[in-house]
Amino acid sequence: MAGLRVPNSASGQGPGGRRRSWTELLAGRLKRQKYNPERAQKLKDSAVRLLRRHQDPTALLLEVEGPPCNKLSLNKLIDCDSSEACANHSSSFIGSALQDQASRLGIPVGVLSAGMVASSVGQVCTAAAATSHPVLLTAEHRKKLSSLLEFAQYLLAHSMFSRLSFCQELWKIQNSLLLEVVWHLHVQGIAIPTCVAVGAWLFRNLCCLCEQDRCIPYFVQMFVLRGFQKNSDLRRTVEPEKMPQVAVDVLQRMLIFALDALAAGVQEESSTHKTVRCWYVLEGGVPDGHMLGSVISTDSPKRFFSHTLTQILTHSPLLKASDAVQMQREWSFARTHPLLTALYRRLFVMLSPEELVGHLQEVLETQEVHWQRVLSFVSALVVCFPEAQQLLEDWVARLMAQAFESCQLDSMVTAFLVVRQAALEGPSAFQSYADWFKVNVAVDFCTFYSVSYFPFFFFFLTRSLPVSPRLECSGVHILHPPLYRSLLTDYISLAKTRLADLKHGTYEDLSSAEDITGPHSQALQDVEKAVMVFEHTGKIPVTVMEASIFRRPYYVSHFLPALLTPRVLPKVPDSRVAFIESLKRADKIPPSLYSTYCQACSAAEEKPEDAALGVRAEPSSAEEPLEQLTAALGELRSSMTDPSQSDVISAQVAVISERLRAALGHNEDDSSAEISKIQLSINAPRLEPREYTAVDLLLTSFCQNLMAASSVAPPERQGPWATLFMRTMCGRVLPAVLTRLCQLLCFTGPPLGSPSLSAPHVLGLAALAVHLGESRSALPEVDVGRPAPDAGLPVPALFDSLLTCRTRDSLLFSAISYSLCKFSSQSRDILHSCLSPGLIKKFQFLVFRLFSEARQPLSQEDAASLSWRPLYLPSADWQRAALSLWTHRTFRELLKEEDVHLTYQDWLHLELEIQPEADALSDTERQDFHQWAIYEHFLPKSSASGGCDGDLEAACTILVNALMDFHQSSRSYDHSENSDLVFSGRTGNEDIISRLQEMVADLELQQDPSVPLGHTPSQGHFLFGIFCRRLQALTSGWNVAASLQRQRELLMYKRILLRLPSSVLCGSSFQAEQPITARCKQFFHLVNSEMRNFCSHGGALTQDITAHFFRGLLNACLRSRDPSLMVDFILAKCQTKCPLILTSALLWWPSLEPVLLCQWRRHCQSPLPRELQKLQEGRQFASDFLSPDAASPAPNPAWLSAAALHFAIQQVREENVRKQLTKLDCEREELLVFLFFFSLMGLLSSHLTSNSATDPSKALGVCAAVLECLEKRKISWLALFQLTESDLRLGRLLLRVAPDQHTRLLPFTFYSLLSYFHDDAAIREEAFLHVAVDMYLKLVQLFVAGDTSTVSPPAGRSLELQGQGNPVELITKARLFLLQLIPRCPKKSFSHIAELLADRGDCDPEVSTALRSRQQAAPDADLYQEPHLF
């Protein structure tokens, strides 16, 4: 056929002499001849005969193709440049040629075609390997392979291809095969080798591919499909039973290679590292379901990952359980290789927590395990699955039950290993080991297990102790054992030995153990940590107590010297001083060592300040952990805006927790750091520099993460990152976080001179407050100390206390908005747990206050949704956003809850905190707001909704109580050293008191003028009822705290009374039938019972309340028919009912007289009433007495003249007093006795009052002068020291003038005058010994109770007389005086001594013995007894 020629007439030459092809010739003939079926059949038969005569397929294909071809080679068929070459081939024609060739050679056509295709594939691979990647094809060769595979598929379809022969021929050229070619052969359904060795070949090529950072997820699809699908379709393979084996073999080889590489410590960026990383990445394609979800059933990946998990946990089980106990701290999630944790996370996507825990349990029960990977898997499980905590706890409980029932030590070891490992991940993932042990062992053990199990349990603890480096766990076992402590003896002995063997300090710092050079360095670190724990908890750390017992040599030789380093002690004791004092009280510091320390501190004043403060420079190595923490926080922030990274956030948070622990120097064992209550200093929050830096990094990162996450999704779709991040702040770092938050919320802003929080900070802190509230049940309470709003506050309530209602502050709004957005689809209980009612009330208060439109009833229109975007808007739009929140449907529904109602009392407390000078409202706007709030909103509102039911008196009652509560709280007082830094310091909104004045005035107008305020005359004024109820609720007693609290309460009462009309004290008018009104009686009772003790000085009330009463008295009397008579009657009653009113008038008469005189003469032309004239005369007598001229006789009553003279004496100089007091010899006895009493009160006041105008020496001189006069005139004065209410002459009167504290301290004044007693008087008066002994015993009792310290001389005053400066010296002199006096007293002086010694004889046994001996002496021993002559 090759030599066939056609004539020129047949157009063998084409146009222009070009030779035409066979196809063109046939086409030309077809056009010239009409179609004839018979002719066509004949032509076909001729062609067949022609082919049979010429059986050279090479020549035939050459004739069809065109180019010369020397042999049968299919690659020549696909080597044509024309893109249409394949389309022009006749597959049937080639098949026929192959069949004829096979028939001629005598071999099956399938074998022949398989060999030809295998040879062509080899040629393609060889050509591609020379120019491209060792396992991949180039684009050109990939095209050639595609054409070749199309021919192979045709042959397969027509049963002209043998897969078995093809695999055999292909395997012969395995060294030249490319992985991509094999992949295409599999995908196209041709065939791939399935011998055992193919697994190793695939593994090698896959590693080579991974080294080039090429992902191969489709290979994993194939392997999972072929290896782990029960009913896979294997019809295309020749040996279907071998393909699953090959798939499993490849997956097994890759996994083992990766695990071995990680165990050997693979170097980053090495080829092995790249291979392992690529393998884990490619495995990630399977569980995510992005590629296999539609082609592989759910069971297949689960079986694959279950198999993978088994291999991970059981491969190369080299470590024992004892090794795991020692090394498990190094296997936490953050310390596990990132590639292994990445694989764990891939497993977690497909397998549920229940399946994972169940599979872990099954593997541990049936196989030997690799403990490092088992425990690192547990860490990853609790980090990535919040629900895993409960699953592990339940499983551990079953393990322990199984262990106790059958005494299986392995089950007990497994349980404790799992719990300790999970506890290493911190409170964000699992409860602390201490908490778990206390609940599940110390408590539940005695409930659920028999006593017979105790030996086994302590046997386990004893066996584990020698190999356990976590001594804090042993401390928990000792401190919280089951009930039977007798079984602890052996365990404690072993623990003590173990502590000594390890040579550990009080605290075990694993992060810096390599840097410790000796016990001294360890002791310095232990001291620093102990002081830090003590500062946060207020208690001696458990580890210190244990060291003082178990590590006594280390504790005494190293810890205490490091703690007691001499320094200049601060003026205000710091936490180190308090810690030392606590140890001393607990007898943990030897007295000699403590004394040496105190002496050294006294001599350390010349040392540098840094040394005095005990501040140690932070080591430079601390910078590295902080840098690592910063890097970890940066990685988390980069994941916030990448949705594909959402699955790694929990892992990144775990790394942050680990880095934070290292940055703060905390060890992994958190049982020693167990905090039941956080001690927080609100007034002066302080952080160590390292804590400050680390916590600032945390808070800044949280704010930045919130901004980044909110830029791509609203809070409700941001996932659990915020909750996970917040949990890293729990545990030991929580006190530092709360301290820093206190600094930011209370000590920032222009008024304090520090920069205000920016908008991102406000939003971030608001969200943080919400998430802390979300975990309130897991957080300890916070003790902010006293004085404080409350003791033991939960964390949300702490934020409520810190977030004051600063004007235009958006933090409250941000917190509420974030909560509503974050938890809008969840239950109302969750929303309530995140937001304390106080925050919602404060937001209502601000909205009412700042937006007048919010005070109107809401319309029916409501916002459709609450957007998170307004939080980014400027302040002008913040107001609009706040109103949008106010009208939002969810928020309005929330306000229907009873506990979030803004009550009248709540409003008053919040309004009182607003300082008018810092108020955004003007004075007029503030007054309008008060009028609306009181009269329009709360007064008509029902009491069930927090209103007053329209009762104005009830509104006044609530307002007064609110004022009192506010001024009793710490918010109204400056308790800090720096007066500029006050925790919520407020002087109170004075406008509120103005509103009280208006309301009381309205009540006055509502009453009939003839009836005092109140419903009936007998009821008195409601204010006194409030005062009485509040005073009854206060703690009684004479201790300093109770006295100060009561005094502060009374001062506020007085302040309120002074702001109200004077008729509150006396009534609006006096009636003849009831001249002493109920209000007068209430006021007299208040003066006698309370003000006399806390609001008076030296027998007189302050000037303001005295003048207020007398103005009210005259106003009320001037309305009666006979004003003069009524004034005389009331003041005459005061002499017996409330004499302190009259003595107060005498003291302030110079300023009081003009006011009363003007007020009286404005209504009456008559002289002042007689009783007022007596006050005038008494004051005039005192003035005349002290003048050089002759004094006029003292007017009656004598006690008033004595009081006037006493007040006048206090206002003149000491030298003039002594000269004028000589005139007392001419005065009446009664006046001298009263004057002596008032002088004694003056002496006590000079000691008790630091700012007293009278010097103690002058007061003592006055007392001595009066006493001298009394002694000279032989006037008895001993009754003044034996006053009782039953004594109508002196007791009832004087006891209502003098404060109780003064009368209790009369023994001090008695013996202060010891040197002025006349010997004759002591012997002459029968009652003197009785009074002297009584005063001495009372003085001793006062000294024992500590009450004599109040009369010690103030600093800077030198007392001239003996016994007055030192209570001990005074008691010593009094005792000596009595011992000398007793033998000299007559027998009759001992008549009532037995009664005195009955209850107090043990105060001074020697004095008591002397008294009893003298009392029992024979009559003839009485030297002063007169002889009986008859």
Side-chain angles (χ1 to χ4, degrees), residues 1000-1001 1004 1007 1009-1014 1017 1020-1021 1023-1024 1053-1054 1056-1088 1091-1092 1095-1096 1100-1179 1197 1200 1203-1204 1296-1297:
V1000 171
E1004 290 279 0
Q1007 300 291 336
S1010 62
V1011 181
L1013 186 59
H1021 201 279
L1023 280 177
F1024 293 106
Y1053 293 166
K1054 189 183 72 169
I1056 292 176
L1057 291 174
L1058 292 174
R1059 296 299 184 89
L1060 297 179
S1062 57
S1063 58
V1064 172
L1065 303 182
C1066 305
S1068 56
S1069 63
F1070 291 105
Q1071 305 299 319
E1073 62 275 8
Q1074 190 179 0
I1076 302 296
T1077 63
R1079 287 192 221 178
C1080 256
K1081 293 179 181 178
Q1082 289 176 322
F1083 179 66
F1084 290 168
H1085 176 73
L1086 182 66
V1087 170
N1088 290 330
M1091 287 188 171
R1092 173 174 57 88
C1095 298
S1096 66
L1101 298 173
T1102 55
Q1103 180 180 358
D1104 48 11
I1105 193 67
T1106 304
H1108 200 56
F1109 171 79
F1110 275 92
R1111 285 195 302 268
L1113 174 66
L1114 289 190
N1115 284 334
C1117 292
L1118 288 172
R1119 295 184 182 182
S1120 62
R1121 295 181 180 179
D1122 192 344
S1124 181
L1125 180 61
M1126 193 58 63
V1127 170
D1128 291 340
F1129 183 83
I1130 298 297
L1131 293 182
K1133 288 293 184 180
C1134 281
Q1135 295 187 30
T1136 56
K1137 300 292 185 181
C1138 190
L1140 188 58
I1141 291 289
L1142 299 180
T1143 58
S1144 303
L1146 286 172
L1147 176 62
W1148 308 112
W1149 187 255
S1151 58
L1152 183 63
E1153 181 182 15
V1155 176
L1156 298 182
L1157 188 61
C1158 180
Q1159 185 178 0
W1160 180 262
R1161 289 178 177 175
R1162 187 180 296 115
H1163 297 85
C1164 299
Q1165 299 301 321
S1166 59
L1168 284 175
R1170 179 57 189 157
E1171 293 297 326
L1172 288 178
Q1173 292 181 19
K1174 288 183 179 180
L1175 297 176
Q1176 196 176 38
E1177 293 170 357
R1179 188 69 189 195
L1200 272 180
R1296 292 185 179 183
V1297 173

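The chain is numbered in sequence order, starting from 1.
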Can you tell me if Trp1160 uses its side chain to pair, donor with acceptor, with the backbone of Pro1169 under 3.5 Å?
-> no

Is there a donor-acceptor pair closer than 3.5 Å between any side-chain N or O of Gln1159 and the backbone N or O of Arg1111?
-> yes

Can you name the closest pair of heavy atoms from Leu1168 and Leu1156 and give their distance?
-> CD2-O, 4.4 Å

How far apart are the closest heavy atoms of Arg1179 and Leu1146, and which atoms are they?
-> NH1-O, 2.8 Å

Heavy-atom pair of closest approach, residues Asn1088 and Arg1092 | O-NE, 2.8 Å

Is there a side-chain contact between Val1087 and Phe1109, using heavy atoms and a 4.5 Å cut-off?
-> no

Check whether any side-chain heavy atom of His1163 lies under 4.5 Å from a side-chain heavy atom of Pro1123, and answer yes or no.
-> no

Note: Pro1150 and Leu1147 closest approach over all heavy atoms is CD-O, 3.9 Å

Show your working on side chain to side chain contact (heavy atoms under 4.5 Å, CB included) between Tyr1053 and Leu1023 and close with a plain yes or no.
-> CA-CA 9 Å; Tyr1053 293 166; Leu1023 280 177; over 6 Å; no

Heavy atoms only: give me the nearest Phe1110-Leu1172 pair and the separation to one decimal.
-> CE2-CD2, 4.0 Å

To the nearest 0.5 Å, what is the distance between CD1 (Ile1105) and OG (Ser1144)?
-> 10.0 Å

Taking all heavy atoms of Ile1141 and all of Phe1083, pick out the closest pair and write down the distance.
-> CD1-CE2, 3.7 Å

Validation row: Thr1102, Lys1054 side chains within 4.5 angstrom (heavy atoms) | yes

Donor-acceptor contact present, side-chain Gln1082 to main-chain His1021, <3.5 Å | yes

Pro1061 and Val1000, any side-chain heavy atoms less than 4.5 Å apart | yes

In terms of heavy-atom contacts, does CZ of Arg1161 have more than 12 from other residues, nucleotides or ligands at under 6.0 Å?
-> no

Flag the pair Lys1174 and Glu1171 as a salt bridge only when some basic side-chain nitrogen lies within less than 4.0 angstrom of an acidic carboxylate oxygen.
-> yes

Measure the spacing between OG of Ser1124 and CZ of Arg1170 and express it to the nearest 0.5 Å.
-> 10.5 Å

Give, for atom OG of Ser1096 and atom CE of Met1091, the distance between the pair rounded to the nearest 0.5 Å.
-> 10.0 Å

Determine yes or no for a side-chain-to-main-chain donor-acceptor pair under 3.5 angstrom, with His1108 supplying the side chain and Leu1060 the backbone.
-> yes

Test side chain to side chain contact (heavy atoms under 4.5 Å, CB included) applied to Cys1164 and Leu1118, step by step | CA-CA 8 Å; Cys1164 299; Leu1118 288 172; 3.7 Å; yes

N/O donor-acceptor pair under 3.5 Å between Trp1148 side chain and Leu1101 backbone | yes

Do the non-hydrogen side-chain atoms of Cys1138 and Arg1296 ever get within less than 4.5 Å of each other?
-> no

Enter the distance from Ile1130:CD1 to Cys1066:SG here, rounded to the nearest 0.5 Å.
-> 8.0 Å

